[in-house]
Chemist: 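Pasting a structure below so you can have a look.
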Amino acid sequence: MSYVDEVYSKVVEKNPSQPEFHQAVKEVLESLRVVIEANEEEYRREALLERLTTPERIIMFRVPWVDDKGQVQVNNGFRVQFNSAIGPYKGGLRFHPSVNLGIIKFLGFEQVFKNSLTGLPIGGGKGGSDFDPKGKSDREVMAFCQSFMTELYRHIGADTDVPAGDIGVGGREIGFLFGQYKRIRDVYEGVLTGKGLTFGGSLARTEATGYGLLYITRALLRAHDMEMKDKVIAVSGAGNVAIYATEKAIQMGAKVVTCSDSTGWIYDPEGIDVELLKEVKEIKRARLSEYAASRPSAEYHEKKDGEHGVWSVKCDIALPCATQNELDLDDAKALVANGVTAVCEGANMPTTLDATKYLQENNILFICGKASNAGGVATSALEMSQNSERLSWSFEEVDRKLENIMIDIYQNIEDAAKRYGKEGDYVTGANIAGFLKVAEAMKAQGIV
Ligand code: NDP
Ligand code: 2IT
């Protein structure tokens, strides 16, 4: 059996009941086959792929907290410190009822390659909890965050591991987590990113993932002699990534006609009103039905299993920005039938493996999340730099750096794909380019 196949089998065997982790590993290992097989014996002797697919450390802990009725609640807490070859662990925290160890491992694994692609010195990690912030009062969210940090604080630090936001973790949660870290450690340091602007946060971090997604999508189109202006875009999600992707798409002259949340989706042929969307989601924390109630041009559809939701709408570009495996083979077929040109992932692993294959076989331009959503973590690394030098940069300066990073990522993944005989396959390009830097650092640092 080839070394790649052998390692994939071992990963499945040693990590039972973690399908998302298996999926993420499978995608990466398939891409790396050309690199590994050119030098198989050396990689095998050094067990490089076993080390790459095994987290350096996994931390799991109990998170007890008291709800507003006086009832004690208990959640599971996780931090997976996946790989620190090129820098301190870096990656978000996800608070969502679906969170389990396998999901955090898939996200941590993806983060290793993504962070490498940014060109900045950050290793990969991820954490979170099965806590559901939805419907909780601010006091309950604070109680949970303080309890979570009371366990996590001993494992993190500005030069060790720097968490940030992800699904269910935004500015409010990062504020509570930072306050508790500072209180316990009595150290004022950049231990988290995505902080508020009055306590060390970076301008443009809130916007960065969505803006970055549009910067790389524009670079992709330009490389194929197309422009963003007048393109019709289907976006899924209605959270941080979806909102700022929509905002930047509109600024570029495109029209975004959809958004979605976990209960339903919107089709707005006049174009999404991003200020209204922000009000409904960021301020009121309400359902999308409220968006439709204030916007006569919008249709609201309840989510139904087996329907394509936002992917049934005719569009030039599709930007999945909600969650993993939200775009399956049938959705991909619907998009292709409707004449889609490009699919760029804002979320982490939103496209299933068979859907990705179908899109690529039909010559759809496709960029995977570890390249196209890297703008968020890249700007987190810029926040770390600002914290270290105790300065803050202007919005324009951070935004300019972000755009340059995204253009560089596009060039890098395009070149890597070409170099390994897979021109236009940006998934292979991203995985190889991300891997090479990490692998070289791991080799240089010996067996650790
Ligand atoms: P948010 O919590 O701000 O928004 C998530 C959105 O996706 C919400 O609209 C939510 O709906 C929807 N959603 C979440 N889970 C599900 C589900 N199981 N089924 C259907 N809809 C769902 O998160 P972000 O915008 O920050 O994250 C979105 C994606 O982008 C994730 O994959 C995340 O890992 C990835 N990402 C985020 C980065 C960041 O900087 N924030 C950086 C890079 C990637 P509802 O409101 O109903 O829950
Ligand atoms: O998936 C991701 O890249 C994030 N959630 C952002 C991580 C970060 O450290 O900013």
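In each ligand, atom 1 is the first atom listed, and ligand 1 is the first ligand listed. Both backbone and side-chain heavy atoms feed into the values below; hydrogens, waters and symmetry mates do not. When a residue number appears, it is its place in the shown sequence, counting from 1.
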Chemist: Based purely on interatomic distance, does N373 place a nitrogen or oxygen under 3.5 Å from a nitrogen or oxygen of ligand 2?
Modeler: no
Chemist: Output yes when the distance from some N or O of ligand 1 to some N or O of A238 is under 3.5 Å, and no in every other case.
Modeler: yes
Chemist: When you measure from atom 37 (C) of ligand 1 to every protein heavy atom, which one gives the shortest distance, and what is it?
Modeler: V241 CG2, 3.5 Å
Chemist: Considering D261, T379, N373, N240 one by one, which has a heavy atom nearer to atom 41 (N) of ligand 1 than any of the others?
Modeler: N240
Chemist: What atoms of ligand 2 come closer than 4.0 angstrom to any heavy atom of S380?
Modeler: 8 (C), 9 (O), 10 (O)
Chemist: Just let me know how R94 lines up against ligand 1, side chain, backbone, both or neither, with a heavy-atom cut-off below 4.0 Å.
Modeler: side chain
Chemist: Hey, is ligand 1 close enough to L107 that some N/O pair sits below 3.5 Å?
Modeler: no
Chemist: Could you tell me whether some N/O pair between K114 and ligand 1 is separated by less than 3.5 angstrom?
Modeler: no
Chemist: Can you list the ligand 2 atoms lying under 4.0 Å from a non-hydrogen atom of G92?
Modeler: 7 (C)
Chemist: In the protein, what heavy atom is nearest to atom 12 (C) of ligand 1, and what distance, to one decimal place, separates them?
Modeler: A322 CB, 4.0 Å
Chemist: Quick one: does A381 get a heavy atom under 4.0 Å from ligand 2?
Modeler: no
Chemist: Would you check whether T263 has a nitrogen or oxygen atom less than 3.5 angstrom from a nitrogen or oxygen atom of ligand 1?
Modeler: no
Chemist: Please confirm whether R205 comes within less than 3.5 Å of ligand 1 when only nitrogen or oxygen atoms on both sides are compared.
Modeler: yes
Chemist: Which of the atoms in ligand 2, numbered in the order shown and given with their element, are less than 4.0 Å from a heavy-atom of G165?
Modeler: 4 (C), 5 (N), 6 (C)
Chemist: Hey, does V162 come in under 3.5 Å of ligand 2, counting only N/O atoms on both sides?
Modeler: no
Chemist: What's the shortest distance from atom 2 (C) of ligand 2 to any protein heavy atom, and which residue and atom give it?
Modeler: K114 NZ, 3.2 Å
Chemist: Mark the output for Q111 as yes if a heavy-atom distance to ligand 2 is under 4.0 Å, and as no if none is.
Modeler: yes
Chemist: Should you measure from each heavy atom of G91, which atoms of ligand 2 turn up under 4.0 Å away?
Modeler: 7 (C), 9 (O)
Chemist: Does G168 reach ligand 1 with a nitrogen or oxygen that is under 3.5 Å from one of the ligand's nitrogen or oxygen atoms?
Modeler: yes
Chemist: Contact between K126 and ligand 2, counting heavy atoms under 4.0 Å?
Modeler: yes
